[in-house]
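Data block below; observations after.
We name chains A, B, ... by the order of the sequence lines, and we start the count at 1 in each one.
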Amino acid sequence: MDNNEPSQAILTAISQIPFGCVTSYGEIAKRAGLPGHARYVGYILRNLPEQTNVPWHRVINSQGFISFPPNTEQHAEQRLRLQAEGISFSPTGKIKLSAYQC
DNA sequence: CCGATGACGAGAC
DNA sequence: GGTCTCGCCATCG
């Protein structure tokens, strides 16, 4: 159903992120054919079900930080998942540039 | 219908 | 380089 709208395109774009890679919201929107709709991407992800084949944890903001506030399960989980893929974090919580090599 | 909010980005100062 | 403001789309009150 084309009614799936860009939301499906965004999910697809995220699922296209290779292992050990991180991408920003703007980049996802751009890949989905919606340049400038970074917020729309975040909105879709927020509606994501608990079990999904979409590597949402590889999606971060352009600042290189996890968008979730600290002390939250989602923030901790995303951090653990990224570390499990070989991605490292700075003392400030920022993702190291070595993860952007893709 | 209008205003406010949200896992953001980019430009302006 | 840091801070502020506007813009984008969709949903909620």
Side-chain angles (χ1 to χ4, degrees):
Chain A
M1 317 194 265
D2 47 71
N3 211 15
N4 284 347
E5 305 182 24
S7 55
Q8 185 64 42
I10 292 173
L11 295 176
T12 303
I14 298 174
S15 62
Q16 291 297 314
I17 304 175
F19 181 91
C21 179
V22 290
T23 311
S24 58
Y25 296 88
E27 204 64 29
I28 293 293
K30 200 172 184 179
R31 253 189 193 192
L34 305 168
H37 296 64
R39 265 178 132 158
Y40 188 46
V41 177
Y43 188 81
I44 299 288
L45 290 177
R46 206 185 189 199
N47 269 307
L48 272 178
E50 299 177 5
Q51 288 196 339
T52 172
N53 49 346
V54 178
W56 56 270
H57 55 270
R58 291 180 192 148
V59 185
I60 59 176
N61 57 25
S62 63
Q63 296 181 9
F65 285 93
I66 299 177
S67 303
F68 294 112
N71 247 12
T72 60
E73 292 299 326
Q74 301 210 358
H75 180 278
E77 183 174 342
Q78 184 171 10
R79 187 161 116 185
L80 289 172
R81 284 198 178 201
L82 291 174
Q83 288 181 353
E85 298 195 356
I87 299 176
S88 303
F89 290 80
S90 292
T92 55
K94 182 175 182 178
I95 296 178
K96 292 190 176 177
L97 302 174
S98 44
Y100 296 86
Q101 288 186 354
C102 21

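Annotation: B/dA4 and C/dT5 have their P atoms spaced 15 Å apart (nearest Å). Comparing the same atom, P, in C/dG2 and in B/dA7 gives a spacing of 24 Å after rounding to whole Å.
Legend: salt bridge (charged side-chain N to carboxylate O under 4.0 Å, His left out) pairs involving residues 11-40 of chain A, not counting sequence neighbours: none detected. For residues 68-81 of chain A, every residue pair satisfying the side-chain hydrogen bond (donor to acceptor under 3.5 Å, both in side chains) rule, not counting sequence neighbours, is listed here: A/His57-A/Arg81, A/Glu77-A/Arg81. Pairs engaging residues 59-70 of chain A under the salt bridge (charged side-chain N to carboxylate O under 4.0 Å, His left out) rule: none recorded [sequence neighbours left out]. Residue pairs satisfying the salt bridge (charged side-chain N to carboxylate O under 4.0 Å, His left out) criterion with at least one member in residues 53-65 of chain A, sequence neighbours excluded, are listed as follows: A/Arg58-A/Glu85.
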N/O donor-acceptor pairs under 3.5 Å from side chains in residues 11-18 of chain A, not counting sequence neighbours:
from, atom 1, to, atom 2, distance (Å)
A/Thr12, OG1, A/Gln8, O, 2.8
A/Ser15, OG, A/Leu11, O, 3.3
A/Ser15, OG, A/Thr12, O, 2.5

Report, as a single string ordered 5' to 3', how protein heavy atoms within less than 4.0 Å touch nucleotides 2-8 of chain C: B base, S sugar-phosphate only, - not at all. -----BB
Can you give me the N/O atom pairs linking the protein to nucleotides 11-13 of chain C at distances under 3.5 Å, or say none if there are none?
from, atom 1, to, atom 2, distance (Å)
C/dT11, O4', A/Tyr43, OH, 2.6

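Taking every heavy atom of both residues into account, A/Asn53 and A/Pro55 meet most closely at O-CD, 3.5 Å.
In this view, A/Thr52 and A/Leu48, A/Pro49, A/Val54, A/Trp56 satisfy the side-chain contact (heavy atoms from CB on, under 4.5 Å) rule, not counting sequence neighbours. Residues satisfying the side-chain hydrogen bond (donor to acceptor under 3.5 Å, both in side chains) criterion with A/Ser67, sequence neighbours excluded, are A/Tyr25.
Atom OG of A/Ser24 is separated from atom CD1 of A/Ile60 by 7.0 Å, given to the nearest 0.5 angstrom.
Ring geometry for A/Tyr43 against A/Tyr40 counts as parallel: the plane angle stays under 30°, on a 0 to 90° scale with 60° as the upper cut.
Atom OH of A/Tyr25 and atom C1' of C/dC9 are 16 Å apart (whole Å).
The span of DNA chain B lying next to chain A, judged by atoms under 4.0 Å from heavy atoms, is bounded 5' to 3' by B/dG6 to B/dG9.
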